[in-house]
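Before any comments, here is the structure.
All figures in this text were calculated on a predicted structure; none of them were measured in a lab. So you know, we letter chains A, B, ... as the sequences are listed, proteins then strands, and number each from 1.
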Amino acid sequence: MTPTALDGAPQRTTGQRALRLLRDPVVLAALIAILLVVVGGVLKPGFAAPDQIVNMLRVASFLGIIAIGQTIVVLSGGEGIDLSVGVTATLGAILASRTMNGSDALLVPGVLLAIGVAALIGLANGLGIVLLRIPPFVMTLGMLGVVSGLVLVVTGGVADGRAAPALVQLVNGRDVLGIPGILLVWAVLAVLVTLMLRRTSFGAQLYAVGSSREAARLSGVPVGRTVVSAYVLSSVFAALGGIAMVGYSQQVFLSLADDLTLPSIAAVIIGGTLVSGGVGGYLGSAIGAIVLTVLTSLLTTLNMPEWARIVVQGVVLIALLAVYGRQRRLRA
Amino acid sequence: MTETKAAPTRERAPITARIARVRVASWATAALLVVAVVLAIALQPSLLSPYGIASTFATFLPLVLVAVAQAVVVIGGGLDLSAGAIVALSSVVAVQVMQGSDDRALLGFAVAIGTGLACGLVNGLIVSRLRLQPLIATFATASVFSGLALLVLPTPGGTVPAVLTGTFRQAVAGVPVSVLLVVAVALGWLVVRQLRIMRHIRATGGGPAAAFASLVPVAGAQLASYAFSGIVCGLAGLAVLGNAGSGDPFIGGDLALNSVAAVVIGGVALRGGIGSPIGAIAGAITLALASTILFAIGLPTSWRALASGLVVILALALSALGAPRRQR
């Protein structure tokens, strides 16, 4: 056990070490993101300008924040997945913007209301999965229908309410050293989440539960509570992502963030988190969100017709996954 | 040894015994279907009129077909999120090929099925040879297929040959064609389930490693399940055309996720290996009747989606609880 580790490490040449680094999905995803920006800069001058890059990162932050929750859920294992993040983000955005309605004073109550409702949605998901043992895919698929129904009930089919100026300034302004505040928020969240995953007992329990429910249970990990918390966190981060999106668009739409569900899962997988749970981290998902956003804006700036954009997006996603998202070969 | 002895006897079993073996996947599926049918008829007696039955089944048919396709893939341990996009692509390709002419209806038929098969093969190759996660791989191919559908027919339109829409609304010996088609799908399954490849698909879904060790061609079985799904989705594309009378590149929207819901309500386990497309047909009909019922009780429009979401989640929960659990 130890001998092999000791034998291998010091004798590795620089080339081998570089190759090993390249196999790391996080490094690979980051390289792909950089490559996409460079390709964009070559094809379309101005695409790689600092201003444009900040802009793309700003758009990536919504997906990135939603992907925080998706990462936690996928890490929790047991075929963990949250198909309701998109509609939950939309609902959160609608609740927040109706409450604040263009007033800074009501920003905090609006955000708190959205987070509270989202937490209830996540709680329902988690309890259904843990207590009723409904598979996560099925439970959150059902919740997707319920929450999109809630959106219609809350709005009566017409979305109104405006983002508070402070929120708009946070997302669209360039306050912190010429960088939008939302990027700072995203960075802080990324650090906090990574610390939570790596340094807290909840993080350790999450990885344990994701690797093996049975082993975790036998080691005294509160499996049920950990899984329920994962789904609550997922919905809460989804709502936060939705609120950030309202700051960007300033107005809400009935399907504001609905289409971000599958991209959030794609971001997690591109970032190297294993779908089977227990392996991975948030840094990869954040880079995955950046890769997906840069790809979309590259295809948009190239003036491709809509159909070609959709096709290329699918093909690139398959190519990305084929590089390292492959499952193990079966052996007899 | 025992297997070789048992097989011939099963082949020679009388037809009655064979039909008796066809069970709805679980008690929950059957109960939900009965409740849905009774409620729907009680609330809307006109459903039982010949026209009511014909038009109800006609609107159900696409979801029924996609649910059957989804069921085979799920039994094989996969998932097909691109089913809706395949339906859309094969229907718009068929519309463009037929151009509203009756003479080309047969060609359109073949083209729709061929398109579905091609899409299914793409999915199957990606999942079985590239070994990508089915969920995310078929999400990616869904993007490809719906992009292609937009290329083929950028905006809803085109005309479907009268022969197709006409046949769809007709009745043979008093039984509407749409009902016959649903029955035909169920009977078709009774043939398919006897095939060796279907046993391989089920074994693969039950446990790929064990199936591989037992010399089941796992990759081939996965490929076959997606190819089958593609063909059936191509047929669903034709059903959509027969229903709507024109093409629509956006038709696939909710079909994939609805078909997954139908499959689960039908008692097919998402982890693979367990269940039958017959259950999925029941699930699809239950799901479709649920929206008929919610429409009939006259809920305000803005509440209908929430009610339907709650009903679906309840049905999903019941089926997930009632579904047989795999012993470990």
Side-chain angles (χ1 to χ4, degrees), chain A residues 79 81 83 87 124 128 132-139 141-158 214 261-263 265-266 268-270 274-276 305-322 325-332, chain B residues 79 81-82 85 122 126-127 130-133 135-137 139-152 154 208-209 211-215 218-219 249 257-258 260-261 264 269-271 300-317 319-321 323 325:
Chain A
E79 292 153 9
I81 194 167
L83 293 181
V87 283
L132 302 179
R133 296 212 218 138
I134 302 172
F137 190 96
V138 177
M139 183 67 211
L141 172 63
M143 194 52 80
L144 164 73
V146 172
V147 176
S148 55
L150 271 180
V151 165
L152 283 181
V153 170
V154 168
T155 59
V158 190
E214 197 54 26
T261 303
L262 290 167
I265 300 166
V268 170
I269 296 179
I270 290 175
L274 288 192
V275 187
S276 49
E306 194 189 356
W307 71 266
R309 218 162 60 216
I310 303 174
V311 168
V312 171
Q313 222 158 1
V315 171
V316 170
L317 188 52
I318 294 171
L320 280 181
L321 294 172
R326 302 177 65 176
Q327 294 168 293
R328 231 175 290 138
R329 180 192 294 275
L330 289 168
R331 288 189 194 287
Chain B
L79 189 71
L81 288 188
S82 68
V122 169
I126 289 174
V127 170
L130 281 182
R131 299 194 303 276
L132 298 189
Q133 274 289 329
L135 170 84
I136 202 72
F139 161 60
T141 55
S143 177
V144 174
F145 301 151
S146 43
L148 290 176
L150 267 182
L151 166 68
V152 174
F212 189 79
S214 319
L215 295 183
V218 168
L257 287 180
N258 281 343
V260 176
V264 174
L270 276 187
R271 43 174 46 178
T301 337
S302 52
W303 286 84
R304 211 174 285 149
L306 177 62
S308 129
L310 287 172
V311 167
V312 170
I313 207 169
L314 204 69
L316 287 175
S319 319
L321 288 176
R325 288 184 204 289

(Q) I'd like to check B:Val260 versus B:Leu270 (side-chain heavy atoms, cut-off strictly below 4.5 Å). Are they in contact? (A) yes
Q. Would you call B:Phe139 and A:Leu317 a side-chain contact if the rule is heavy atoms closer than 4.5 Å?
A. yes
Q: Among the options B:Ile126, B:Thr141, B:Val144, pick out the one with the most heavy-atom pairs lying under 4.5 Å from chain A.
A: B:Val144
Q: Report yes if some heavy atom in the side chain of A:Met139 is under 4.5 Å from a heavy atom in the side chain of A:Leu83; otherwise report no.
A: no
Q) By a 4.5 Å heavy-atom criterion (distance strictly below it), what part of A:Val275 contacts chain B: side chain, backbone, both, or neither? A) side chain
Q) Taking B:Pro208, B:Ala307, B:Ala305, B:Ala140 one by one, which has the highest count of heavy-atom pairs under 4.5 Å against chain A? A) B:Ala140
Q. With side chains defined as the heavy atoms from C-beta onward, is the minimum distance between B:Leu257 and A:Leu141 less than 4.5 Å?
A. yes
Q) What part of B:Leu148 lies closer than 4.5 angstrom to a heavy atom of chain A: side chain, backbone, both or neither? A) both
Q) In terms of heavy-atom proximity below 4.5 Å to chain A, should B:Leu135 be classed as side chain, backbone, both, or neither? A) side chain
Q: Give the member of A:Pro305, A:Gly142, A:Gly156 that has the highest number of heavy-atom pairs under 4.5 Å with chain B.
A: A:Gly142
Q | Proximal component of B:Leu81, with respect to chain A [non-hydrogen, under 4.5 Å] | A | side chain
Q) Are any of the side-chain heavy atoms of B:Leu314 and B:Val311 separated by less than 4.5 Å? A) no
Q | Donor-acceptor under 3.5 Å (B:Ser302 side chain, A:Leu152 main chain) | A | no
Q. Tell me, side chain or backbone of A:Pro136 under 4.5 Å from chain B's heavy atoms, or both, or neither?
A. neither
